[in-house]
Amino acid sequence: MLDIEYIRQHPEEVQQNCIDRNSAIDITAFLKVDADRREQIQVVDQLRAQRNEIAAQLQESKGADAGLVEKGKSLKEVLVAAEQVLADLTDLFQAQLLQIPNTTHP
């Protein structure tokens, strides 16, 4: 399996190798999935940071702030949805990455 950094840095070379090896994978589409996945990772990380911040504030107020509780519940729903999108993108990314053949010896 090729390293993702190598694929990102040499997309034309990898695409030509796929053609030479009769692989139908589209490297441009694969790199779009990769970019979407990396973007979604950032979104999930930001939501997790917000969740941790709300949890810390709730602990300081000993759970007495009802507004924070509601905000935490709604954030949890958004986080679950974002994590599912990330899981779907990761599955697609892994499946496509496994279809990319190794480079041939010159």
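All values derive from a computational prediction rather than experimental measurement. Side chains included, hydrogens not; waters and symmetry mates left out as well; all remaining heavy atoms used.
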Checklist outcome for this item: Residues at least two apart in sequence or cross-chain that pass side-chain hydrogen bond (donor to acceptor under 3.5 Å, both in side chains) with D36, listed by chain then number, are K32
Would you mind reporting whether [Y] and [X] have side-chain heavy atoms less than 4.5 Å apart?
X	Y	result
I7	D34	no
C18	I100	yes
N17	E13	no
Q42	R38	no
R21	T103	no

Item to check | Closest approach of V33 to Q96 (non-hydrogen atoms, all atoms of both residues) | outcome: CG2-OE1, 3.9 Å
Checklist entry - If you take all heavy atoms of L47 and A82, which pair is closest and at what distance? => result CD1-CB, 3.7 Å
Checklist entry - In terms of heavy-atom contacts, does CD of E39 have more than 12 from other residues, nucleotides or ligands at under 6.0 Å? => result no
If Ile, Leu, Val, Met, Phe, Trp and Tyr residues are connected whenever their side-chain heavy atoms lie under 4.5 Å apart, and connections chain through other members, are [X] and [Y] in the same group?
X	Y	result
I27	L2	yes
L86	V78	yes
Y6	F93	yes
L98	L31	yes
M1	L92	yes

Next on the checklist: For I4 and R8: C-alpha separation, side-chain torsions, deciding distance, then whether side chain to side chain contact (heavy atoms under 4.5 Å, CB included) applies.
Outcome noted: CA-CA 6 Å; I4 185 62; R8 287 178 191 144; 3.5 Å; yes
Next on the checklist: Once rounded to the nearest 0.5 Å, what's the spacing between atom CD1 of I54 and atom NZ of K76?
Outcome noted: 13.0 Å
Checklist entry - Roughly how far, to the nearest 0.5 Å, is the CG atom of N52 from the CG atom of L75? => result 9.5 Å
Next on the checklist: Test side-chain hydrogen bond (donor to acceptor under 3.5 Å, both in side chains) on D88 and Q84; report intermediate values, then the result.
Outcome noted: CA-CA 6 Å; D88 294 342; Q84 183 59 48; 2.9 Å; yes
Checklist entry - Should Q40 and R37 be marked as a side chain to side chain contact (heavy atoms under 4.5 Å, CB included) after you check the CA-CA gap, both sets of side-chain angles, and the distance that decides it? => result CA-CA 5 Å; Q40 192 65 24; R37 183 183 67 92; 5.7 Å; no
Checklist entry - Between R48 and E83, is there a side-chain N and carboxylate O pair less than 4.0 Å apart? => result yes
Checklist entry - When you check the side-chain N and O atoms of D20 and Q16, is any donor under 3.5 Å from an acceptor? => result yes
